[in-house]
Amino acid sequence: MSAPVTTFDIELSPVARQLAVAYLHDVDLVAGHEPAVGDRLVLRDEGMAVWDAEVVAIEGLRLGHKYRLHISPRSG
């Protein structure tokens, strides 16, 4: 049985949609949830569309982390 997938509400710009790349920051995360490279997430955009996402990189910032995601619209 696989672990439940966490859903994040996020605003996606037209460029993010076109490039299929989005970012989450530590402030976007639920306390105690730190995604690792390869983790799968679900994003819900401002129009309530659902996107599948995979963490492809974690960048260290001065204060916290930035998580780069590869996104694709959820079909069905």
Side-chain angles (χ1 to χ4, degrees):
M1 181 175 203
S2 61
V5 177
T6 304
T7 300
F8 295 94
D9 290 318
I10 188 171
E11 288 187 30
L12 293 174
S13 71
V15 172
R17 295 166 201 261
Q18 184 178 21
L19 297 176
V21 174
Y23 290 90
L24 286 177
H25 295 82
D26 287 335
V27 70
D28 300 314
L29 302 177
V30 176
H33 185 271
E34 294 182 19
V37 171
D39 283 0
R40 295 193 179 277
L41 310 173
V42 174
L43 306 180
R44 185 173 40 231
D45 70 18
E46 61 279 5
M48 302 306 282
V50 178
W51 298 73
D52 291 314
E54 181 179 353
V55 179
V56 294
I58 301 172
E59 302 172 24
L61 302 174
R62 196 171 128 215
L63 297 172
H65 300 92
K66 180 167 74 170
Y67 302 85
R68 186 170 58 160
L69 310 173
H70 177 265
I71 62 172
S72 59
R74 180 167 277 185
S75 59

Is Tyr23 close to Leu69 at the side-chain level, that is, under 4.5 Å between some pair of heavy atoms? no
Begin with the C-alpha distance, continue with both residues' side-chain angles, and end with the deciding distance and a verdict on side chain to side chain contact (heavy atoms under 4.5 Å, CB included) for His33 and Leu41. CA-CA 11 Å; His33 185 271; Leu41 310 173; 4.0 Å; yes
What pair of heavy atoms forms the shortest contact from Ile58 to Ala36, and how long is it? CD1-CA, 4.1 Å
Report yes if the side chains of Glu34 and Asp39 come closer than 4.5 Å at any heavy-atom pair, otherwise no. no
Look up atom CD in Glu59 and atom CZ in Arg68, then write down how far apart they are to the nearest 0.5 Å. 6.5 Å
Note, Asp28 side chain near Ile10 side chain (heavy atom, < 4.5 Å): no
Are Ile71 and Val21 connected, step by step, through hydrophobic side chains (Ile, Leu, Val, Met, Phe, Trp, Tyr) whose heavy atoms are closer than 4.5 Å? no
Could you tell me whether the side chain of Val42 reaches within less than 4.5 Å of the side chain of Arg74, counting heavy atoms only? yes
For the residue pair Tyr67 / Asp26, report whether a side-chain donor-acceptor contact shorter than 3.5 Å exists. yes
For residues Leu29 and Pro35, determine if any side-chain heavy atom of one lies less than 4.5 Å from a side-chain heavy atom of the other. yes
Partners passing side chain to side chain donor-acceptor pair (under 3.5 Å) against Glu46 (at least two apart in sequence or in another chain): Arg17
In Å, rounded to the nearest 0.5 Å, how long is the span from CZ of Phe8 to CG of Leu43? 8.0 Å
Test item: Asp45 and Val50 side chains (from C-beta on) under 4.5 Å apart, heavy atoms: no
The reported gap from NE2 in His25 to NZ in Lys66 (rounded to nearest 0.5 angstrom) is 5.5 Å
